[in-house]
Amino acid sequence: MRSTSLRRAALAMAVLATLPACDRSTSATQGASQQRDRWKRAIGATDGALGDAIGQLYVKQYFPASSKAKVEGMVSNILAAFRDGVDKLAWMSPETKKIAKAKADTMLVGVGYPDSWRD
């Protein structure tokens, strides 16, 4: 993983370095009136070249799967408490309660890192 990521980063930097300034400008391609700051462009190029490799290294060291599971359990409990609370609301009509629960069921919860990493 490390050597592939380093090769991607080197390739991205080499491509950026060889482009004329006008080709790197976002005004022609995205309608921006001025180029983003250099540090923002560098972060974008690095992120694009490395994919999730840096995030994977961070997660491996500081955010184990057990921590993710613990937080996901907490979120699940919060959503269950919401559903129970909706049932107890006297001022809400049964139809509105049904809609509120359906809306809660469609919530996508992302905790910590994705289930599958982009390459």
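All heavy atoms count here, side chains included; hydrogens, waters and symmetry mates do not. Since the structure is predicted, the reported quantities are computational estimates derived from the model, not experimental observations.
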Inset, instruction - Could you tell me whether a side-chain N or O of S67 sits under 3.5 Å from a main-chain N or O of F63, the two making a donor and an acceptor? - result: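 Flag not set: sc S67 to bb F63 has no pair under 3.5 Å.
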Inset, instruction - For the pair R83 (side chain) and K101 (backbone), establish whether a donor and an acceptor sit closer than 3.5 Å, ignoring hydrogens and angles. - result: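 No; judged by distance alone, with no hydrogens or angles, the pair does not exist.
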Inset, instruction - Could you walk me through whether V86 and M92 pass the side-chain contact (heavy atoms from CB on, under 4.5 Å) test, one step at a time? - result: CA-CA 8 Å; V86 167; M92 194 178 276; 4.1 Å; yes
Inset, instruction - Look at the side-chain heavy atoms of Ile, Leu, Val, Met, Phe, Trp and Tyr, link any pair under 4.5 Å apart, and say whether M107 and V75 land in one connected group. - result: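 The answer is yes; both residues are in one hydrophobic cluster.
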Legend entry - Hydrophobic cluster identity match, I43 and L50, side-chain contacts under 4.5 Å: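 As far as the 4.5 Å side-chain criterion goes, L50 and I43 are not connected within one cluster.
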Legend entry - Residue pair V109 / S76, side-chain heavy-atom distance below 4.5 Å: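 No, every pair of side-chain atoms sits at 4.5 Å or beyond.
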Inset, instruction - State, yes or no, whether a side-chain contact exists between W117 and V59 at a heavy-atom distance under 4.5 Å. - result: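 Yes, their side chains come closer than 4.5 Å.
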Legend entry - Contacts of type side chain to side chain contact (heavy atoms under 4.5 Å, CB included), residue Q61, not counting sequence neighbours: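 Once residues adjacent in sequence are excluded, Q61 has no partner under the side chain to side chain contact (heavy atoms under 4.5 Å, CB included) criterion.
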Inset, instruction - Taking side chain to side chain donor-acceptor pair (under 3.5 Å) as the test, write out the residues that go with D115, two or more places apart. - result: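 Residues passing side chain to side chain donor-acceptor pair (under 3.5 Å) with D115: K68.
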Legend entry - Test log, rule side-chain contact (heavy atoms from CB on, under 4.5 Å), inputs N77 and L79: CA-CA 5 Å; N77 291 340; L79 288 173; over 6 Å; no
Legend entry - D87 side, atom CG; K98 side, atom NZ - distance, nearest 0.5 Å: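 That separation rounds to 13.0 Å.
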Inset, instruction - Would you give the length of the straight line joining atom OG1 of T96 to atom CH2 of W91, rounded to the nearest 0.5 angstrom? - result: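 Going from the OG1 atom of T96 to the CH2 atom of W91 covers 8.0 Å.
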